[in-house]
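Here the structure comes first, spelled out in structure tokens, and everything after it is commentary.
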Amino acid sequence: VSECSRETCFVPDTTCDLGFLDRSRCPAWSAQPSSLPVDGKTLDDVLLPWSGNALGLADISFLAGRAKPLTVGIVGPHNAGKTTLLAAWYLLLGRGLLLGPGRKFAGSCSLLGWENIAGGLRWAPGLQPTFPPHTTSRAGRAPGLLHLAVRDDAAEFRDYLLADAPGEWFKRWALNRDAADAEGARWLAEHADAFILIADREALSGQDAGSARGALQLLTQRLSAEYGTRPVALVWTKADIETNSAIEGAVRETVNNRIPDALEFPVSIISPDTTAKGTGTGLIELFDWVLNVRRRPAALPQSTASCSDPLFLFGTRTT
Ligand SMILES: Nc1nc2c(ncn2[C@@H]2O[C@H](COP(=O)(O)OP(=O)(O)OP(=O)(O)O)[C@@H](O)[C@H]2O)c(=O)[nH]1
Ligand SMILES: [Mg+2]
């Protein structure tokens, strides 16, 4: 909970959003003078506009000031492997294997957030790797957006925001687009530049495969009504698990019918025996797809003016 009365201010997590380095001078802060100083932080500490944790909606404005980040919505049911996918990417990034030739890591404002989800997967000698704990619906600064900046050989710089949202949101959103507790899913549907639709191979081959299929088909229908012309990847997670081809075929058919241009990627954090590097299956290929997502260029209105100078073209009125 912020100590400031303003909803968009998260002092002492981040800096004062009105720009006051000396908090006692901020009119919104002085409403609660008794709460100074906080957590051993003195007034002289200069705070950054980010805390390092996963970013919330109010936090991304300072990032968007540089250039609009490309936002990727990872859409899928509960326990489908969404967070694991992000964690696996982070660990590959740390080993220098994720970005491929010609691209370089250029910073992140949510390293702590990445570390939080990936810490459990980090391998330590003598320990079995474990999966991240379940992510629950969180209120407030959510969905958790993980930030990554990438620079390529042509010195082109890009910010990416990868959304780690809980499966519950999408379940409610699939049933009812306007559900009160699907706010986060709606935000993603509106703002994402690309979608990763997660199909959980474990759920689709297990005991409740029928209901998992139904839920995924419902989610596909919802997404198909929302994605417009944005790129969609259909990702089969837990690709190491035996498939139920009838169920998988039914899901594939629904996706092909509803979102015909969706590309398919099977991924798994388990590497096939032949690769000694331990890079999993399909993870790097999928991230390469993410890196190549581009926003559609803005469409300018058709001009009916007959002026040949582009500077005056749109200002000219034809009467
Ligand atoms: N066999 C196998 N299991 C996996 C793989 N990736 C994830 N899992 C399993 O999937 C479970 C759930 O993973 P999460 O990443 O937490 O799922 P999630 O989609 O983030 O779930 P919510 O946040 O609750 O919506 C893990 O505990 C693992 O058991 C994989 O590649 N192979
Ligand atoms: Mg999760």
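No experiment lies behind these values; they were computed from the predicted model shown. We count ligands from 1, going down the list as the structure has it; atoms in each ligand are counted the same way.
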*asked:* Less than 4.0 angstrom from a charged side-chain N to a carboxylate O is my criterion; do Arg252 and Glu248 meet it?
replied: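 Yes, this pair counts.
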*Does the pair Glu183/Arg186 count as a salt bridge with the N-to-O cut at 4.0 Å?*
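Yes, this pair counts.
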*Check the pair Asp288, Phe265 against side chain to side chain contact (heavy atoms under 4.5 Å, CB included), reporting the backbone distance first and the verdict last.*
CA-CA 11 Å; Asp288 200 56; Phe265 296 87; over 6 Å; no
Show which atoms of ligand 1 fall inside a sub-4.0 Å distance from at least one heavy-atom site of [X].
X      : value
Ile241 : 1 (N)
Gly167 : 22 (P), 25 (O)
Thr83  : 15 (O), 18 (P), 20 (O), 23 (O)

*asked:* What verdict does the side chain to side chain contact (heavy atoms under 4.5 Å, CB included) test give for Val72 and Ile196, after you've listed the backbone C-alpha separation in whole Å, the side-chain angles of each residue and the deciding distance to 0.1 Å?
replied: CA-CA 7 Å; Val72 181; Ile196 291 180; 4.0 Å; yes
*Would you say Thr84 has an N, O or S atom lying under 2.8 Å from the Mg ion (ligand 2)?*
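Short answer: no, not a single N, O or S atom is under the cut-off.
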*For Pro166, is the nearest heavy atom under 4.0 Å from an atom of ligand 1?*
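Right, Pro166 reaches ligand 1.
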*Is the closest heavy atom of Asp240 to ligand 1 under 4.0 Å?*
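Yes, Asp240 has heavy atoms under 4.0 Å from ligand 1.
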Is the shortest N/O to N/O distance between [X] and ligand 1 below 3.5 Å?
X      : result
Val267 : no
Ala165 : no
Ala239 : no

*Where the closest heavy atom to atom 6 (N) of ligand 1 is concerned, which of Asn79, Thr84, Leu283 has it?*
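Ranked by closest heavy atom to atom 6 (N) of ligand 1, first place is Thr84.
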_From His78, Lys238, Lys171, Arg201 - option closest to atom 3 (N) of ligand 1 by heavy atom_ =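 Nearest option to atom 3 (N) of ligand 1, by heavy atoms: Lys238.
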*Between the main-chain N or O of Pro69 and the side-chain N or O of Arg295, is there a donor-acceptor pair closer than 3.5 Å?*
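Yes, Arg295 side chain to Pro69 backbone: donor-acceptor pair under 3.5 Å.
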*Between Tyr160 and Leu146, does a side chain to side chain contact (heavy atoms under 4.5 Å, CB included) hold up when you go through it step by step?*
CA-CA 8 Å; Tyr160 292 89; Leu146 294 161; over 6 Å; no
*Could you go step by step and tell me if Thr84 and Thr237 meet the side chain to side chain contact (heavy atoms under 4.5 Å, CB included) rule?*
CA-CA 10 Å; Thr84 310; Thr237 53; over 6 Å; no
_Does any part of the side chain of Phe170, heavy atoms only, come nearer than 4.5 Å to the side chain of Leu188, both counted from C-beta?_
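The answer is yes; the side chains approach within 4.5 Å.
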